[in-house]
Amino acid sequence: MSSRICVVGLRGIPAVIGGVETHCEELLPRVCALAPDLKVEVLGRRGFIAPGGYDFRRVWVRALPAPANRSTEAIVSTFVALLYARTRARVVHIHAIGPALLAPMARALGMRVIVTHHGADYDRSKWGPFAKFILRAGERMGLSFADEIIAVAPSLASELKRKFPRSADHIRYIPNGAPTLEEGSSGGDVLEQFGLAPKGYILAVGRLVPEKGFDYLIRAFRRSGTGRQLVIVGSDIHQSAYSKRLLGGASPVVRFIGNQPRPVLRRLYEQTDLFVLPSMHEGLPISALEAASCGAPMLLSNIGANKDLGLPDRNYFPAGDERSLAECLERPGEHYAYDADGVKSRFDWDSIALRTAEVYRTVAAAA
C-alpha cells in the first residue's frame, strides 16, 4: 500500500531559484525512485512553475495560488497548500521555518507533519524586526508540533536540540547533498560565451542578498590586486536596493552573469581557479556542494554551516573580514585544494533520499 506525502513551503520544481527548491529538486525524485511505495506531491506557487499539474521524474507537481509579495508569499501559499493537501494526504512535509508557522494548522486538519529546518532565517539581514519575530515563531511552532524534524546541518541539529530539549528525540540530521550537475556545452564554449580564460577567474554563486556577503567579497577582491576576474552567478527575484547596488558595481573585472542552467554552472565550476562563498548565513550550502561535485578549489567563510563541510582549516576565513579575505584571494587556487571525493561521499544524495524515505514511512505508519 502506497503512502502519499504532500510537500509544501517551496516555490516549486524544477529549475526554480532557491536553496530549498534545489534541495527538493535533487531529493524528491530520488525518494520516489528508491522508495516506490511513497507517492510525493509538491504543492508549489503560481508564477514560478507551469500552471496546472505535471510529472517531474515521478514527483507530481501542482501550482496553487500565491501572492507576488516577498513578505506574504511563503505563508499565504503554505496556507492554501495545506487546505488543498488535507484531501490528498495524511502526511505533509513543510520546508523552512517561515512556512512551519502553520504546523499547528496542519495538525488541526488531521495531518501528520514533518518539518525540514534549512537554517535560522531570522539571522538574515534582509528581514526587519517583525519578520524575524514571525520566523522565530515559525521555528518554535515547527519544533513543537512536527512529528519529525529534519535539520540539514549537524551544527543546526545540535543547536535545535539545545533550544528545544522536549523535541530532541525527534530531531534528525539529514544533510543537503552534493549534486551531479549535467554535462552540456564544452568548457571552452562556455568560457568564450562570457569572455573568460580557464583558471583566470574567481567564482561566486548565490542569490544577490545581503547574507551572501557579495558586497564585501567585491571590496576584498579589488583590495587584493589579483589578476583574475571575479564572476558572480545569481540574481534577486525581488530586485532589492541591495542587489541594484551590487549590479551597479559591475566592471570588466567584476562580472555579474545572472542565473545559469546547470550544465553551464558545471563548466564554470570546473574551469574556475577558485570558488568563494563569503556568506554570513547558510543552512548547509548547496553552492559549495555543487563546487565540490565539480572538484573546484574552495574558500569559505567560517560560519558553522560552512564548517560542517569538514574542509581543512586553510579553506576558511573569518566571516565578514574583508582584509583577511583579500589576503586569501592573493593566493593561487591550488592552495585551497581538498579531498573533493571525500566531500561527495559524505553528502551523497541517494543515501540522503533513503534516510528521508525512512522518515516518511515512520510518520506515515503513525498517521
Visitor: Distance check, rounded to the nearest 0.5 Å: D273 atom CG versus T226 atom OG1?
Guide: 8.0 Å
Visitor: Less than 4.0 angstrom from a charged side-chain N to a carboxylate O is my criterion; do D236 and R207 meet it?
Guide: no
Visitor: Does a side-chain heavy-atom distance below 4.5 Å link I232 with L208?
Guide: yes
Visitor: If two hydrophobic side chains count as joined below 4.5 Å and joins carry through other members, does V61 share a cluster with I5?
Guide: yes
Visitor: Do E25 and R57 meet the salt-bridge criterion of a basic N to acidic O distance under 4.0 Å?
Guide: no
Visitor: Once rounded to the nearest 0.5 Å, what's the spacing between atom CD of E148 and atom OG1 of T116?
Guide: 11.0 Å
Visitor: Evaluate whether atom CZ of R323 has more than 12 neighbouring non-hydrogen atoms of other residues, nucleotides or ligands under 6.0 angstrom away.
Guide: no
Visitor: May I ask you to establish whether R136 and Y122 are in a cation-pi arrangement, using a distance under 6.0 Å from NZ or CZ to the six-membered ring centre and at most 45° from the ring axis?
Guide: yes
Visitor: As an exercise, state the distance from CD1 of I286 to CD of E21, rounded to the nearest 0.5 Å.
Guide: 9.0 Å
Visitor: Atom CZ in R140, atom CZ in F164: separation rounded to 0.5 Å?
Guide: 7.0 Å
Visitor: First locate atom CZ of F48, then atom CD1 of I13, and finally report the distance between them rounded to the nearest 0.5 Å.
Guide: 15.0 Å
Visitor: Return yes if some donor-acceptor pair links the side-chain N/O of N306 with the main-chain N/O of S301 below 3.5 Å, else return no.
Guide: yes
Visitor: Looking at F145, I'd like to know if the NZ or CZ of R107 sits under 6.0 Å from its six-membered ring centre while staying within 45 degrees of the ring's axis.
Guide: no
Visitor: Can you establish whether the number of heavy atoms outside F79 located under 6.0 Å from its atom CZ is more than 12?
Guide: no
Visitor: Do the side chains of E73 and R11 get close enough for a salt bridge, i.e. N-O under 4.0 angstrom?
Guide: yes
Visitor: To the nearest 0.5 Å, how far apart are CG in L311 and OH in Y316?
Guide: 3.5 Å
Visitor: After noting the C-alpha distance and the side-chain angles of L160 and E139, does the key distance pass the side chain to side chain contact (heavy atoms under 4.5 Å, CB included) rule?
Guide: CA-CA 9 Å; L160 292 177; E139 180 183 69; 3.7 Å; yes
Visitor: Taking R266 first and then E182, would you say they form a salt bridge - that is, a charged N and a carboxylate O separated by under 4.0 Å?
Guide: no
Visitor: Tell me, yes or no, whether the heavy-atom count around R58 atom CZ, taken from other residues, nucleotides or ligands under 6.0 Å, exceeds 12.
Guide: no
Visitor: For R30, give me all partners under salt bridge (charged side-chain N to carboxylate O under 4.0 Å, His left out), at least two apart in sequence or on another chain.
Guide: E26, D350
Visitor: Please indicate whether D55 has more than 12 foreign heavy atoms, meaning atoms of other residues, nucleotides or ligands, lying under 6.0 Å from its CG.
Guide: yes
Visitor: Hey, are R267 and D189 close enough for a salt bridge, meaning a charged N less than 4.0 Å from a carboxylate O?
Guide: no
Visitor: Is it the case that the side chain of S167 and the backbone of H170 share a donor-acceptor pair, with hydrogens and angles ignored and the cut-off at 3.5 Å?
Guide: no
Visitor: Begin with the C-alpha distance, continue with both residues' side-chain angles, and end with the deciding distance and a verdict on ring-ring contact (aromatic ring centres under 6.0 Å, His included) for H95 and H117.
Guide: CA-CA 7 Å; H95 281 269; H117 195 311; over 10 Å; no
Visitor: Within a radius of less than 6.0 Å around CZ of R90, do more than 12 heavy atoms belonging to other residues, nucleotides or ligands occur?
Guide: no
Visitor: Whether E358 and R355 form a salt bridge (side-chain N of Lys/Arg under 4.0 Å from carboxylate O of Asp/Glu) is what I want to check.
Guide: no
Visitor: Verify the neighbour count for atom CD of Q239: are there more than 12 heavy atoms of other residues, nucleotides or ligands below 6.0 Å?
Guide: no
Visitor: Quick check: are there more than 12 heavy atoms from other residues, nucleotides or ligands sitting under 6.0 Å from OH of Y54?
Guide: yes
